[in-house]
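As a basis for the values below, the full set of heavy atoms in this structure was taken, side chains included, without hydrogen atoms, waters or symmetry mates. Counting from 1, the numbers follow the sequence of the chain as shown.
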Amino acid sequence: MFTTIVVWAGSWISMKLLVAYMGPFQVVAARYLIGAAVLFALLIVLRRPLAMTPWKLTLLTGLTQTAGFQTLVQLALLSGGVGKVSVLAYTMPFWVIPFAWLILKERPTARHGVAIALAAAGLVCFLQPWSGMGDWASAVLALAGGLSWGLGTVLSKRMFDLHAPDLMTFTTWQMLLGGLLTVPAAIWVPHAPVVWGWEVALGLLYTGLIATAAGWLLWLSVVRRVPASIAGLSSLGVPIVATLLAWLLLGEQPAMVEIMGMALVMVGLVVVSRAPRSKTK
């Protein structure tokens, strides 16, 4: 669990550094195509099912959970700090609530309302409307990334409820489709020439092989060994560690009001993670 948190937190630093050398769409495409290639190799070695899972939900999950989420946060990192972007992206559990209500017919509880109120207060601290909203574009992109991830999470739940696919096979295929969906943008959206060098090679190796392929396997290992509630709470450590790493390695010292915002969002996430399972409408 600790290794998973550190690996995923480190990926935020790597993503921030990579956008200085290549376009954001290129970073996303390379990351997930490398990760998917490694996972396909593991499927063969482990003799897991290779056939594509039901294509509609797989494609929609790849579009939202992989392509949409990662592209939006990568764009947010162009101007936003790692700490702020990672915390706002990890508001994903809040977005799951309305999507689960609409798609899965799971009604929210009063505890969900408290969690959303805490998150809203935290977002106000981040946006700082009393001082001109600050870097609002980066914040909106990061929030949209969390929203896309939340929708992908609900679609994944829908897939498991309807078809019960092999977890690793489904993860691999949605990762491949999500990566392929970003290839046209990586090719045709104008961007500065890629500055090839050891920095790019090391960054892609980390994000594609370690943070994506190995990171997902580590996460599945955690989910298999501990209760889902504990696994969900453990993921809250990722933006905290990412913020600390950005402070230490990139000199991104958060302002006190941003620390307050992070605290409110994280408390809200703890509340929503510990909420009882929503009742079906």
S.K.: In sequence, state the C-alpha distance, the side-chain angles, and the governing distance for T61 and T66, and then conclude on side-chain contact (heavy atoms from CB on, under 4.5 Å).
M.R.: CA-CA 7 Å; T61 304; T66 298; over 6 Å; no
S.K.: Any idea how W173 and F40 line up, ring-wise: parallel (<30°), tilted (30 to 60°), or perpendicular (>60°)?
M.R.: perpendicular
S.K.: Contact between M159 and P54 at the side-chain level, heavy atoms closer than 4.5 Å - yes or no?
M.R.: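 Yes; the side chains approach each other to less than 4.5 Å.
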S.K.: Would you check if T172 and L176 make a side-chain contact, meaning some heavy-atom pair closer than 4.5 Å?
M.R.: no
S.K.: Can you confirm whether V241 sits close enough to W12 that some side-chain heavy atom of one is under 4.5 Å from a side-chain heavy atom of the other?
M.R.: no
S.K.: T212 and R31: side-chain hydrogen bond (donor to acceptor under 3.5 Å, both in side chains), yes or no, with the steps?
M.R.: CA-CA 7 Å; T212 303; R31 171 179 184 168; 2.7 Å; yes
S.K.: side-chain contact (heavy atoms from CB on, under 4.5 Å), that's the test. Do M168 and L43 meet it? Break it down for me.
M.R.: CA-CA 8 Å; M168 190 173 178; L43 287 176; 3.7 Å; yes
S.K.: List the atom of G80, the atom of S138, and the distance in Å for their closest heavy-atom pair.
M.R.: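 G80 and S138 have their closest heavy atoms at CA-OG, 3.1 Å.
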S.K.: Nearest heavy-atom pair of P24 and L75: which atoms, and what distance?
M.R.: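 Scanning both residues completely, I find the closest heavy atoms to be CG-CD2, 3.5 Å.
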S.K.: Would a 4.5 Å heavy-atom cut-off, applied to side chains only, mark L33 and V183 as touching?
M.R.: yes
S.K.: Is there a path of hydrophobic side-chain contacts, each under 4.5 Å between heavy atoms of I/L/V/M/F/W/Y residues, joining V238 to L147?
M.R.: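 In one cluster: yes.
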S.K.: Taking the side chain from W149 and the backbone from T64, do they hold a donor-acceptor pair closer than 3.5 Å?
M.R.: no
S.K.: Without swapping roles, check the side chain of T169 against the backbone of P49 for a donor-acceptor pair under 3.5 Å.
M.R.: yes
S.K.: Side chains of T207 and S14: is there a donor and an acceptor less than 3.5 Å apart?
M.R.: no
S.K.: Taking the side chain as C-beta and beyond, is there a heavy-atom pair between T53 and H163 under 4.5 Å?
M.R.: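 Not in contact.
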S.K.: Report the C-alpha distance between V7 and Y206 in whole Å, list the side-chain angles of each, state the deciding distance to 0.1 Å, and finish with yes or no for side-chain contact (heavy atoms from CB on, under 4.5 Å).
M.R.: CA-CA 9 Å; V7 164; Y206 185 88; 4.2 Å; yes
S.K.: Looking at every non-hydrogen atom in both residues, tell me the closest pair between L77 and V19 and how far apart they are.
M.R.: O-CG2, 4.4 Å
S.K.: Under 3.5 Å, is there a donor-acceptor pair between the side chain of Y32 and the main chain of L180?
M.R.: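 Between the backbone of L180 and the side chain of Y32 there is no qualifying donor-acceptor contact (under 3.5 Å).
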S.K.: Locate the shortest heavy-atom distance separating V265 from F94; write the atom from each residue and the value.
M.R.: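 Closest heavy-atom pair between V265 and F94: O-CZ, 4.0 Å.
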S.K.: Is M260 linked to M266 within one hydrophobic cluster, defined over Ile, Leu, Val, Met, Phe, Trp and Tyr using a side-chain heavy-atom separation of less than 4.5 Å?
M.R.: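 Cluster IDs for M260 and M266 differ.
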S.K.: Check whether any side-chain heavy atom of L245 sits under 4.5 Å from a side-chain heavy atom of V82, and report yes or no.
M.R.: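 The answer is no, as the side chains (C-beta and beyond) never meet within the 4.5 Å cut-off.
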S.K.: Please check if W196 and L202 belong to a single hydrophobic cluster, counting links between Ile, Leu, Val, Met, Phe, Trp and Tyr side chain heavy atoms closer than 4.5 Å.
M.R.: no
S.K.: Verify the cluster assignment for V45 and L209: are they in a single hydrophobic cluster under the rule of side-chain heavy atoms below 4.5 Å apart?
M.R.: no
S.K.: Looking at G145, is its backbone amide N or carbonyl O close enough to the side chain of S148 to form a donor-acceptor pair, meaning the two atoms are under 3.5 Å apart?
M.R.: no
S.K.: Do M52 and L63 belong together in a cluster built from hydrophobic side chains that touch within less than 4.5 Å?
M.R.: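 Yes: a chain of side-chain contacts under 4.5 Å links M52 to L63.
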S.K.: Tell me, do S156 and F170 make a side-chain contact under 4.5 Å, heavy atoms counted?
M.R.: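 Yes, side chains in contact.
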S.K.: Is S11 reaching over with its side chain to a backbone N or O of W8, donor-acceptor style, under 3.5 angstrom?
M.R.: yes
S.K.: From L151 CG over to Q65 CD, what is the distance, rounded to the nearest 0.5 angstrom?
M.R.: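 L151 atom CG to Q65 atom CD measures 9.5 Å (nearest 0.5 Å).
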S.K.: Can you see which heavy atom on Q74 is nearest to which on M15, and at what distance?
M.R.: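 In terms of heavy atoms, the two residues are closest at NE2-O, 3.0 Å.
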S.K.: Determine the sole option in L104, T153, L60 for which the side chain to side chain contact (heavy atoms under 4.5 Å, CB included) test with R158 is passed.
M.R.: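 With R158 as partner, L104, T153, L60 yield a single side chain to side chain contact (heavy atoms under 4.5 Å, CB included), made by L104.
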S.K.: On a heavy-atom basis, which atom in A115 and which in V271 lie closest, and how many Å separate them?
M.R.: CB-CG1, 3.9 Å
S.K.: S86 side chain to G83 main-chain N or O, any donor-acceptor pair under 3.5 Å?
M.R.: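 Present.
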S.K.: So, taking the atom named CG in L57 and the one named CG in L155, what distance separates them when rounded to the nearest 0.5 Å?
M.R.: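 Spacing of CG (L57) from CG (L155) equals 6.5 Å.
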S.K.: Checking L181 against L59 for the side-chain contact (heavy atoms from CB on, under 4.5 Å) test, could you report, in this order, the C-alpha distance in whole Å, the side-chain angles of both residues, the deciding distance, and whether it holds?
M.R.: CA-CA 9 Å; L181 287 170; L59 179 63; 4.1 Å; yes
S.K.: How about E106 and W101: do any of their side-chain heavy atoms sit closer than 4.5 Å?
M.R.: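 In short, these two side chains do not touch, never coming nearer than 4.5 Å.
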